[in-house]
Structures are given as C-alpha cells and as structure tokens.
Amino acid sequence: MKKKITCSIICFLLLLLLPIDGTSAKAPTVQETRNKHGTREVIVDNGIIKVRFSSPQGLITGIQYKGVDNVLSPHQRTRGYWDIAWQGENNRGGGIDHVEGTKFKIITQNQDQVEISFSRTWDSGSHSRSRSHRIPLNVDKRYIIRANSSGVYAYAIFERLPEWPGFDMGQVRIVFKLDQDKFHYMAVADNIQREMPMDSDRDIHRGHAKALGYKEAVQLTHPHNSMFKNQVDDKYQYSCEIKDNKVHGWISNKSNVGFWIISPSGEYRSGGPVKQELTSHVGPTATASFISGHYLGTDMDMHYKSGEAWKKVLGPVFIYLNSGDDLLWEDAKRQAKEEVKAWPYEFVASSDFPSRRERGTVTGRLLVNDDELLTPGKFAYVGLAPPGEAGSWQTNTKGYQFWTKTNETGYFKIPNVRPGTYNLYGWVPGFIGDFTYQNHVNVASGSEVKLGRVMYKPPRNGPTLWEIGVPDRTAREYFIPEPYKNTINPLYLNHTDKFRQYGLWQRYTELYPNHDLVYTIGASNYSQDWFYAQVTRNNGDSTYNPTTWQIVFHLPYVNMRGSYTLQLALASAARAHLQVRVNNEYSTRPLFSTGYIGRDNAIARHGIHGIYRLYCINVPGRSLRTGTNTIYLRQAKGSGPFEGVMYDYIRLEEPSRV
Ligand SMILES: *[C@@H]1O[C@H](CO)[C@@H](O)[C@H](O)[C@H]1NC(C)=O
Ligand SMILES: *[C@@H]1O[C@H](CO)[C@@H](O)[C@H](O)[C@H]1NC(C)=O
Ligand SMILES: *[C@@H]1O[C@H](CO)[C@@H](O)[C@H](O)[C@H]1NC(C)=O
Ligand SMILES: *[C@@H]1O[C@H](CO)[C@@H](O)[C@H](O)[C@H]1NC(C)=O
Ligand SMILES: *[C@@H]1O[C@H](CO)[C@@H](O)[C@H](O)[C@H]1NC(C)=O
C-alpha cells in the first residue's frame, strides 16, 4: 500500500518534470519576485522555457529549458546583456554601458504572449557635469516570449534628443555567455562549424596559449584537450557578412540542446549586406551585432552631433533553443527560415516598429549600360538606405537599410520598407562602381513604388586594354597561400574560405624574398601570380618596408594625345597610402595618390575585403610608350605587418573612341 502511494507520488512528480511539448502549450506568465540574494527578478515562463531577468536592469540571468536549469554561464555575473561602447564629446564620459534599465513594465500579457520592458531615460541635469558611463540615450529594452515557443525575442528602441551632448558610438550588441561545461560545438554556417576550445585555453598568463601578431589571435599551446594543440583561435575567423548572418550558435552534445541567435532581417543592422560582423566565438559566447567598426574602422559614421536627433529600433532578434538527438543545426536553419518568413513580426507592441501593412514596397528592373552594351543587371545588389553619396551605405550606421538581389533578368522587389525617404543604391557583380538612382525614393505607408527601368552606367572612358581580377568587391580570386603548419585552424583546410587562416600576410616576404611582385599582362595569371593583399615586407627583424608592385604590359601603339584611364578598385585598405606611377618608379610626384586611407583591418582579421573604393585615374598618353610599359603600385606605409591594401580589380582603358 505504502509502496503504491510513493509510486504514484513519484509518478505525479515525474509528470510535472516531464518536458512540456507543443501539444500542452500554455499562456506565458510573468512573475515579479526576489531571488535568494534578495534582489528583484522578473520570471517569464511559458511552460517550455523559463527566462529570468534582473529587475529593473533587464539583464537576462537565466534560461531554463528541457531539464537544463540554466543554459547561461553560472560563472559570469553578466551573461545575457546589451552593451554599447561609446565616447562622449570632449571626453565627457564614455566606456562600456550595459544599458541597465531603471524601470520595469509589462507591455502586453495575454494568452499568446508576454512583452516586457526595461527602460531608462537620460537625465541631462544630473549627468552633464560628471564623467558618466551612461550614454546620453533613452533606452527601452523589450523582450517577448510567446506561447508554444522555445525562445525569446529581443529588441530595443534607442533615442537621443537634439539638445543632448554628442557622442561617438562604436559598438552596439547583445551578448550571451553560455555554460562552458555544456556548450562545445559551434555552428555559423553549413561549412563553418566545429568543436571549440575552452575560454581558459586562451589564457596567456597561465601559459595555456601564446600571443600572436594581433590582439585577438592566440596559439593554443597547452589546451585542455590535446586535439587543439598548436591551433590558432581568433574570433574574427568566424565573422560573417550580414546577408549570410541569419543564424549561428552552439550545441551542447551532453544535454542535446542548441542555443541560437536568429537575425531575420538586415534592416536594423548597419553598413549594408556585405558588412562583416562577429558571430559566435570561444567563451562560449554568442552575439547579435547591430553597430560595429569591424572591417570598417573609423570610416564608419559613428558620430552623433549635438543638435542631432536619432531614433532607431534595433531588432527584434530571436534567441532560439532547440533540443533532440541530432540535426539541431538543421532545425535552427529551418527556424531561421520561419522567422524570415514572419518578418516583419506582427506581434511587436512598440509603435516604433511598423507592421507589414504600414510598410511599403519598391520594385523595378536594373539594366547595365557598359561599353555600349545594354544588359540586365543580373544578380545585382540593390538596396534602400539613407540619402547620401553613392556607396555611403557602406559606412552608414544611423538609418535603416533594405537590400535584395535582382533576378537573372534584373528585376527586383524590396518588400517591407519602413516609410521614409531613401536613395536606391546598388552594385552589379562583374561591373565596377556604385549605382545610385537619380531621385530620392519616398516610401509611404502601404504604398508600392514602381520605379520601372533603372539604368546603371558603370564608370568607363574607353575600351578595355587589359584587366586583372574580377569586379566583385573582394580579393577572393587572387592567390591565397597555405597557412603555416603551427598556426592552423583545421576548419579552413581545403575550404572555400582559405583566407580565414592566420598569418597568411607573412607569406609575402617568403614568396618574394628579393624583389616585389611583378605581374606581366598576357603571361601572368591572377589566381597564381597576384598575392591577395599588398602587404609590407618584413626585414627579418621587427621592422617592415613599403612594397612596390609592377604591372608590365605591351602597347603596340600609343595615342600620345589621348587620355587613358586606370580603373583601380580596392577591396580593403588598412592605414595605407597607395601611389601610382607610370614608367618611372622613382618620380617624385606620383601620377596618382590615394592619400592616407582605411582602417578596416581586413588583413589582420582574416577578411577578404573591407570597404570598397574605386579610383578612376587619368593616364595621359604621353606618359606611355610604344612597346613595354610598367605601372608601379607603391604602398608607401611600412611601419608594421598589417598596413596594406587588397585589390578588387584593375583595368586599363584606351582613350574613348569618340
Ligand atoms: C506548437 O508548436 C509546434 C511546433 O512549432 C506545432 O507543431 C504545434 O501545433 C503548436 N501547438 C500549438 C498548441 O499551437
Ligand atoms: C556534437 O554534435 C555535433 C552536431 O550534431 C556533431 O557534429 C559532433 O560530432 C558532436 N561532437 C561530439 C564530441 O560528439
Ligand atoms: C524575374 O522577375 C520578373 C518579375 O518578377 C519575372 O517576370 C521574371 O520571370 C523573373 N525572371 C527570372 C529569370 O526568374
Ligand atoms: C577537399 O574537399 C573536396 C570537396 O569537398 C573533397 O572532394 C576532397 O576530397 C577534399 N580533399 C582533401 C585533401 O581533404
Ligand atoms: C589560372 O590559374 C588557375 C588556377 O591555377 C587555372 O584554373 C586557370 O585555368 C588559369 N588561367 C589561365 C588563363 O591559364
């Protein structure tokens, strides 16, 4: 008898403990409480996940899911948070602001969902004189938990009033630090996933790792698991272009649980579709990045002037958890597709987030008129971004951007555009330069703007004499050397992204020990003979020299009175100064000079591009000669290993036919 009772009690308890599946979904509840340390907490529970927030700060302190008490790190005080790196005008305040709220509020609570807010308003009076870590912004951090959903939606509304002091804002992101005893396998893409080292493996001071040439890169000399021995770890090896950055995260093989950050839209990010951002990295850490200088550097528009008003909704992103024996990555990709399909979410309460109905659509067809040939702008990137110069979207962090790709015949449709005034921008793989539509595009609520045929005429002054590379805004097609045996990331062996290996820049001095690269038109092959970056030369000690590359070409005839054009497109520049000379390596005045350009750091951070720059350089016929000619490309800065440029494409054009 007694045994039976115990059994039914146990059975009853077991039932309570059983993971609750979709079929028994319940309305989410919100509970305000105090934890065992006496600090205030808000707990939202939908029967599938249970999320704890510090209140009124609004940091996520715990996520309970499928029998895992907390997927977040028990060792980190801050483990699910927003942060902003900023600098006040005239050195007034700055640092890292975790944007802790001062007020908690329930925005929505019904059968289907809960939306809660942790907000903070900026008080100009009390902060204007003191150094402060609080950025002069009103911040409203929102979280949504829906019924029958294993995740949390996170977004924030940031606003500054014109009379508030100016600042630079270099980084805005959401960060999650996961439990390192559980999460060891990281996935960023189908072909970018692996078992990861531990955070402690990177510890230089304890002798677990050796510092390498750039701050974030270490060589794992004494890792906890010998399979990582001598591998390189660097979070920049896992960066990703925004257009591809839909889902990334971690798998716990032990608990059969996955933790994913899903970014359904690029509209709230900055810098356009090929801007690269960090994703997940050793920690285990997972981030959602909204604004950053990564692969842009100080060229990005990060300055918010006194007098300037600004408001932006960042997100929502979806923090998704899944479970099961296998295929968690496949399921995360499936969920990411669903989120993209559901965008713009209809369940967001903020009136600053327009619904689908309140947004507009822009359609058209892009044609390219190059070299007297009219062709469809196929598979081109077209997008709406704040008005500015051609290409300004690359560095714009303040406004919303809406991008798509044209189809094979050049047609495009940009859906779900927030009402506003934009420029239509674009570029077409295979052609140089930046497209902008001649007029502003005004998108009204619920409208469809039909632009019809829009024409892009890429820069060209005459027929092509020769060209190097392909115009795709990257240096992918050039020679990328093999990594050093003792600083390998095995993930990138035999991989389409060979360029993500550490230390490749050092190969230049080995490949060209005595003289710099010479490329002969008609004989050289850019995929073998054009090094992916024009870097500095190492002198064998810790000093470096500038390098001068040569392009040698033959002209059977020269139009002495004509103007030839050198179209020179850069895929990246880092603290560089590129000079162009023709047939006279040592002329004191170069034919053309870029001046000091770029801080995108793509060389140091294993990118294959940073910001795109195009120079149309006039080459007078009289500087050329019949027979052999040489163009000298001198990268004149040489104080360290990471100065240099990556070329996208180079073309010499004859004088125009007319
Ligand atoms: C809960 O979600 C699952 C998977 O998304 C779905 O199959 C199921 O029908 C949903 N249940 C309810 C009650 O909405
Ligand atoms: C962990 O899970 C991933 C993804 O399912 C799998 O590829 C990997 O081999 C697993 N690792 C271990 C050590 O079982
Ligand atoms: C491109 O899009 C247009 C407009 O939607 C459509 O009519 C056309 O069939 C599409 N072409 C291809 C090749 O997909
Ligand atoms: C490299 O990858 C290709 C395609 O994935 C595969 O066929 C080939 O066997 C791989 N080679 C090596 C050496 O791993
Ligand atoms: C250039 O080199 C690549 C890679 O080795 C090769 O596939 C290609 O055919 C070569 N091109 C020419 C024109 O020889």
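None of these values were measured; they are calculated from a predicted model. Start at 1 and go down the list; that is how both ligands and their atoms are numbered.
For ligand 2 and Glu195, the ligand atoms under 4.0 Å from any heavy atom of the residue are 8 (C), 10 (C), 11 (N), 12 (C), 13 (C). Close approach of ligand 5 to Gln528 (heavy-atom distance below 4.0 Å) involves ligand atoms 1 (C), 2 (O), 3 (C), 4 (C), 5 (O).
Of all the listed residues (Thr363, Thr409, Asn407), Asn407 holds the heavy atom that lies closest to atom 2 (O) of ligand 3.
For Arg500 and Tyr238, the positive end is not near the middle of the six-membered ring at less than 6.0 Å and at most 45° from its axis.
Of the protein's heavy atoms, Ser527 OG, 3.2 Å lies nearest to atom 3 (C) of ligand 5. For atom 5 (O) of ligand 3, the nearest protein heavy atom (residue, atom name, distance) is Tyr411 CB, 4.6 Å. For atom 14 (O) of ligand 2, the closest non-hydrogen atom on the protein side is Asn253 ND2, 3.1 Å. Here the protein heavy atom with the shortest distance to atom 4 (C) of ligand 2 is Tyr185 CE2, 3.7 Å. For atom 9 (O) of ligand 5, the closest non-hydrogen atom of the protein is Asn525 ND2, 4.8 Å. Nearest protein neighbour of atom 13 (C) of ligand 3, counting heavy atoms only, is Glu408 CB, 3.9 Å.
The residue from Ile603, Ile608, Thr474 that alone fulfils the side-chain contact (heavy atoms from CB on, under 4.5 Å) condition with Phe499 is Ile608. The side-chain hydrogen bond (donor to acceptor under 3.5 Å, both in side chains) with Asp497 is formed by just one residue from the set Gln237, His606, Arg476; it is Arg476.
For atom 11 (N) of ligand 3, the nearest protein heavy atom lies closer than 4.0 Å.
Here Arg605 pairs with Glu216 in a salt bridge; the nearest charged N to carboxylate O distance falls below 4.0 Å.
Taking the six-membered ring where the residue is Trp, the centroids of Tyr153 and Tyr345 are separated by under 6.0 Å. Ring centroid separation for the pair Trp427 and Tyr381 comes in under the 6.0 Å cut-off.
In this structure, a donor-acceptor pair under 3.5 Å is present between the side chains of Tyr320 and Asp331.
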